[in-house]
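Input: a single structure, listed below in structure tokens.
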Amino acid sequence: MLNEIARHHDDLPHSLQASVPHRFALRSRSAAALRGVGIRRHPLQHEEVQMRTRFWSHLVYASFLSLAAVGANAAEPAVPSVEINAEGSAEAANDLATAVAYFEATDSNPAGLSEKVNKTITQALALTKDYPSVKVSTAGTSTYPIYDRDGRTLSAWRMRSQIRLESRDIAAMSTLIGKLQSRLAVSQINLEPAPETRRAAENQATVAAISDFRRRAQLIADTLGRKYRIQRLSVNQSGTHPPVYMRAKVAMATAEAAPAPIEGGESTVSVNINGTVELTD
């Protein structure tokens, strides 16, 4: 083995030759001297020794090369990186209106109460037929008992039935709500961007956020005299915050009301981006 180490010693890079212990070289020279004086071994024994010597010499040689590679990798400096946050926003028109209208009554006669409520809702639904651009659907009916002060004696029944309205035709929605208020009360009106309007605004906000991210990355790289490459990028939509136009209960009018004043306005759609850039030479 020592002879093989010595034989490979000159094949090693200069940076690794110094890593071979000096005593290995001395002992290998001693082994060569012993061969010179004519010491003989049995042929089989000699072949076995040679095989073992080759195995261990190759293993040692490979170990030195592996240590050299590890040392070279450890010497490589880490690439500096920077975390960057950016944001983009766009305005989206509140072109979708939704509203909930209801009728509520109290009566000690459940049958009479049900007939009164159902008749009023049926009349309201018939009225909506004149406005095909408004989508109308029933939104549930509930009935519950009313007790006297003692909490045990049933005195009456209260029934509530409501309908839901939805439309992108804000003018028609306003007019219809005004007409319905002669029979029903309106619990709330919500204004928000329609799905396709929201998606278009999100696309614009995403482009703006990416541009802001690249601008910040370039600013940092230029200030440090380096170039940059994007390592990781995450895009998050923060959503919209549509206004609630009316939440308070609107009392039912005795005569046909004027169109409800509804102004759509706009909602802000925001997109946040966070990512990591590596600064390169």
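Side chains included, hydrogens not; waters and symmetry mates left out as well; all remaining heavy atoms used. Bear in mind the structure is a predicted one, so any value in this text is a computation, not a measurement.
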If you round to the nearest 0.5 Å, how far is [atom2] of [Y] from [atom1] of [X]?
X    : Y    : atom1 : atom2 : answer
T276 : I230 : OG1   : CD1   : 10.5 Å
I189 : T98  : CD1   : OG1   : 9.0 Å
L127 : L176 : CG    : CG    : 6.0 Å
E115 : M159 : CD    : CE    : 11.0 Å
N94  : R168 : CG    : CZ    : 11.5 Å
N272 : Q237 : CG    : CD    : 10.0 Å

Heavy atoms only: give me the nearest [X]-[Y] pair and the separation to one decimal.
X    : Y    : value
E202 : V271 : O-CG2, 3.9 Å
A217 : V277 : CB-CG1, 4.1 Å
T197 : A93  : CG2-O, 3.8 Å
T141 : S161 : OG1-OG, 2.9 Å
M173 : A99  : CE-N, 3.7 Å
W157 : S108 : CD1-O, 4.0 Å

Is it true that the side chains of [X] and [Y] contain a donor and an acceptor less than 3.5 Å apart?
X    : Y    : value
S267 : E91  : no
R158 : T106 : yes
T206 : N203 : no

Between [X] (side chain) and [Y] (backbone), is there a donor-acceptor pair under 3.5 Å?
X    : Y    : value
S167 : D169 : yes
T122 : N118 : yes
S114 : P110 : no
D150 : T153 : yes

What I'd like to find out is whether the side chain of [X] reaches to under 4.5 Å of the side chain of [Y], using heavy atoms alone.
X    : Y    : answer
K179 : Y131 : yes
N274 : E83  : no
Y228 : T280 : no
R183 : Q123 : yes
T138 : L125 : yes
L180 : L165 : yes
I273 : D212 : no
I177 : V186 : yes

Does a salt bridge link [X] with [Y], judged by any charged N lying under 4.0 Å from a carboxylate O?
X    : Y    : value
R232 : E278 : no
R164 : E166 : yes
D107 : K116 : no

Are [Y] and [X] co-members of a hydrophobic cluster defined by side-chain heavy atoms under 4.5 Å apart?
X    : Y    : result
F103 : I146 : no
L233 : I84  : yes
I163 : L96  : no
L113 : I121 : yes
V100 : V136 : no

Neighbour count above 12 (heavy atom, 6.0 Å) for R214 CZ = no

Show your working on side-chain contact (heavy atoms from CB on, under 4.5 Å) between L224 and L279 and close with a plain yes or no.
-> CA-CA 9 Å; L224 297 176; L279 301 176; 3.4 Å; yes

Apply side-chain contact (heavy atoms from CB on, under 4.5 Å) to R229 and K227, showing your working.
-> CA-CA 7 Å; R229 64 170 176 260; K227 297 179 181 179; over 6 Å; no

